[in-house]
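Report on one structure; see the data block that follows.
None of the values given here were measured: they were computed from a predicted structure. Heavy atoms only: backbone and side chains are in, while hydrogens, waters and symmetry mates are out.
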Amino acid sequence: MKKKILIIEDNLRLLENIKDILEEENYEVQTAADGSKGIELALQSPPDIIICDIVLPNIDGFEVLQEISTNDSTRNIPFIFLTAKAGKEDLRQGMRLGAADYIFKPFEFSDLLDSIRLRLQKSVQSKTEIRDDENFDGKENYKISEKIIFNYTGKPIMCSINDIKYLKSETPYIKIKLRSGKNVLRRETLKKWEDKLPSKYFIRIHRSTIVNTNYINKIERLSKVSYLIHLADETETFILSKRARSKFKKKYS
């Protein structure tokens with residue numbers, strides 16, 4: 001059965017272009033040029049995913065998401081914002097309401113398709129707390145599914161904690177490698193992140209490196225006391241220090 005996608009966009013040319021491309025990808029597509037019509041269509045025939053602009057006539061995208069989120073038949077539908085608004089406050093507001101992703105205009109259609117495929121893989125779209133990575137001084141640790149905002153080349157991007165593959169000290173910075181392939185540099189200590197990341201998933205394997213164990217695909221034994229960690233889709237390998245070996249063996253024994 002075809003997956004159904006609802007697009008809410010007031011730029012009619014863009015709306016038709018997205019519709020044509022999604023139909024070529026074998027999706028069933030509904031369209032609306034304003035927020036009110038989009039809400040009406042979503043409630044009448046709930047889609048599998050919603051793509052919505054933020055700036056819309058009458059009812060904006062945030063109000064659409066809020067309305068969708070309060071209805072039992074539509075509250076778990078993955079919701080992707082398609083927008084030219086790239087401010088941190090916009091990201092925070094959307095994520096607090098439960099947005100699954102943001103695609104920023106102008107965009108590559110391949111990025112939109114990738115986001116759709118990823119969101120459709122999840123049967124239930126859970127709402128998670130949004131934090132700003134520059135201000136994570138609270139007492140509680142991050143949760144693996146929690147969404148955060150990073151500053152990447154001057155623009156905010158969002159990801160979940162599980163999207164972090166590894167963190168590596170490169171004094172005076174740490175490099176945070178994301179699943180998307182992006183590298184985020186932060187002028188912080190590795191210890192700060194070690195204290196906040198969920199220890200069930202993240203292990204400090206070396207004084208300079210923390211890895212997300214969800215991405216480990218090979219543990220290579222070089223000698224009786226020497227090991228290398230291989231992460232999925234990464235050419236770089238990581239040394240497992242003697243100090244970290246006992247913790248690592250306990251987890252993987």
Side-chain angles (χ1 to χ4, degrees), residues 1-127 130 147 149 152-159 180 182:
M1 183 181 295
K2 290 183 178 180
K3 295 295 185 180
K4 184 191 300 182
I5 299 177
L6 171 61
I7 310 167
I8 309 171
E9 169 62 62
D10 63 334
N11 182 325
L12 298 183
R13 179 175 293 180
L14 178 59
L15 182 65
E16 286 303 312
N17 286 342
I18 298 173
K19 180 176 184 293
D20 289 344
I21 287 172
L22 293 182
E23 287 179 340
E24 288 179 6
E25 295 291 321
N26 203 35
Y27 292 114
E28 180 183 341
V29 181
Q30 290 181 305
T31 62
D34 63 73
S36 298
K37 183 63 175 176
I39 293 171
E40 180 183 339
L41 288 175
L43 296 178
Q44 284 178 354
S45 180
D48 294 291
I49 197 164
I50 297 172
I51 300 168
C52 184
D53 193 7
I54 290 181
V55 181
L56 294 166
N58 301 320
I59 298 178
D60 68 21
F62 294 132
E63 293 173 288
V64 172
L65 176 52
Q66 191 165 22
E67 182 68 25
I68 294 298
S69 300
T70 58
N71 188 282
D72 289 340
S73 65
T74 55
R75 66 192 309 169
N76 291 323
I77 296 174
F79 197 102
I80 298 174
F81 275 125
L82 186 66
T83 181
K85 298 186 71 175
K88 271 194 175 182
E89 286 304 319
D90 297 311
L91 283 171
R92 290 192 189 100
Q93 184 175 353
M95 294 310 300
R96 289 187 189 111
L97 290 171
D101 204 355
Y102 273 75
I103 302 293
F104 296 106
K105 302 176 184 176
F107 62 91
E108 298 290 335
F109 280 104
S110 59
D111 292 336
L112 177 60
L113 292 173
D114 286 345
S115 180
I116 290 170
R117 294 187 189 106
L118 177 62
R119 304 307 157 187
L120 288 176
Q121 288 174 0
K122 300 179 180 180
S123 59
V124 176
Q125 180 63 39
S126 62
K127 293 186 177 182
I130 179 69
K147 293 185 177 73
I149 299 171
Y152 177 72
T153 63
K155 293 183 179 179
I157 59 171
M158 65 183 177
C159 65
S180 64
K182 293 182 173 68

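Taking the six-membered ring where the residue is Trp, F81 and Y102 present tilted rings, their angle falling between 30° and 60°.
Legend: residues meeting side chain to side chain contact (heavy atoms under 4.5 Å, CB included) with N17, ordered by chain and number and at least two apart, are R13, F109. Residues meeting the side-chain hydrogen bond (donor to acceptor under 3.5 Å, both in side chains) test with E28, sequence neighbours left out: none. Residues passing the side-chain hydrogen bond (donor to acceptor under 3.5 Å, both in side chains) test with N26, sequence neighbours excluded: none. In this structure, E108 has no side-chain hydrogen bond (donor to acceptor under 3.5 Å, both in side chains) partners at least two apart in sequence or on a different chain. With sequence neighbours excluded, the residues satisfying side chain to side chain contact (heavy atoms under 4.5 Å, CB included) with K3 are Y27, D48, L120. With sequence neighbours left out, the side chain to side chain contact (heavy atoms under 4.5 Å, CB included) criterion links P46 to S73, T74, I77. With sequence neighbours left out, the salt bridge (charged side-chain N to carboxylate O under 4.0 Å, His left out) criterion links E25 to R117. With sequence neighbours excluded, the residues that form a side-chain hydrogen bond (donor to acceptor under 3.5 Å, both in side chains) with K105 are E9, D53. For E63, the side chain to side chain contact (heavy atoms under 4.5 Å, CB included) partners at least two apart in sequence or on another chain are I59, D60.
Once rounded to the nearest 0.5 Å, the distance linking CG of L14 with NZ of K19 reads 13.5 Å. For the atom pair OG of S45 and CD of Q30, the computed distance is 5.0 Å after rounding to the nearest 0.5 Å. For the atom pair CG (L15) and CG (D20), the distance works out to 9.5 Å, reported to the nearest 0.5 Å. The CG atom of D111 sits 10.0 Å away from the OG atom of S180 when rounded to the nearest 0.5 Å. How far OG1 of T83 is from CZ of F107: 11.0 Å, rounded to the nearest 0.5 Å. Of the inter-residue distances, the one linking L82 atom CG with L112 atom CG reads 6.5 Å to the nearest 0.5 angstrom.
Heavy atoms only, all atoms of each residue included: P47 and I50 are closest at CG-CG1, 3.6 Å.
A 4.5 Å side-chain heavy-atom check between L22 and I7 finds at least one atom pair inside the cut-off.
Here the options are D101, V64, L6, the test is side chain to side chain contact (heavy atoms under 4.5 Å, CB included), and the partner is F79; only V64 passes.
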Can you list, pair by pair, the side-chain donor-acceptor contacts under 3.5 Å of residues 31-39, counting residues two or more places apart and other chains?
residue: D34; atom: OD1; partner: S36; partner atom: N; Å: 3.1
residue: D34; atom: OD1; partner: K37; partner atom: N; Å: 2.8

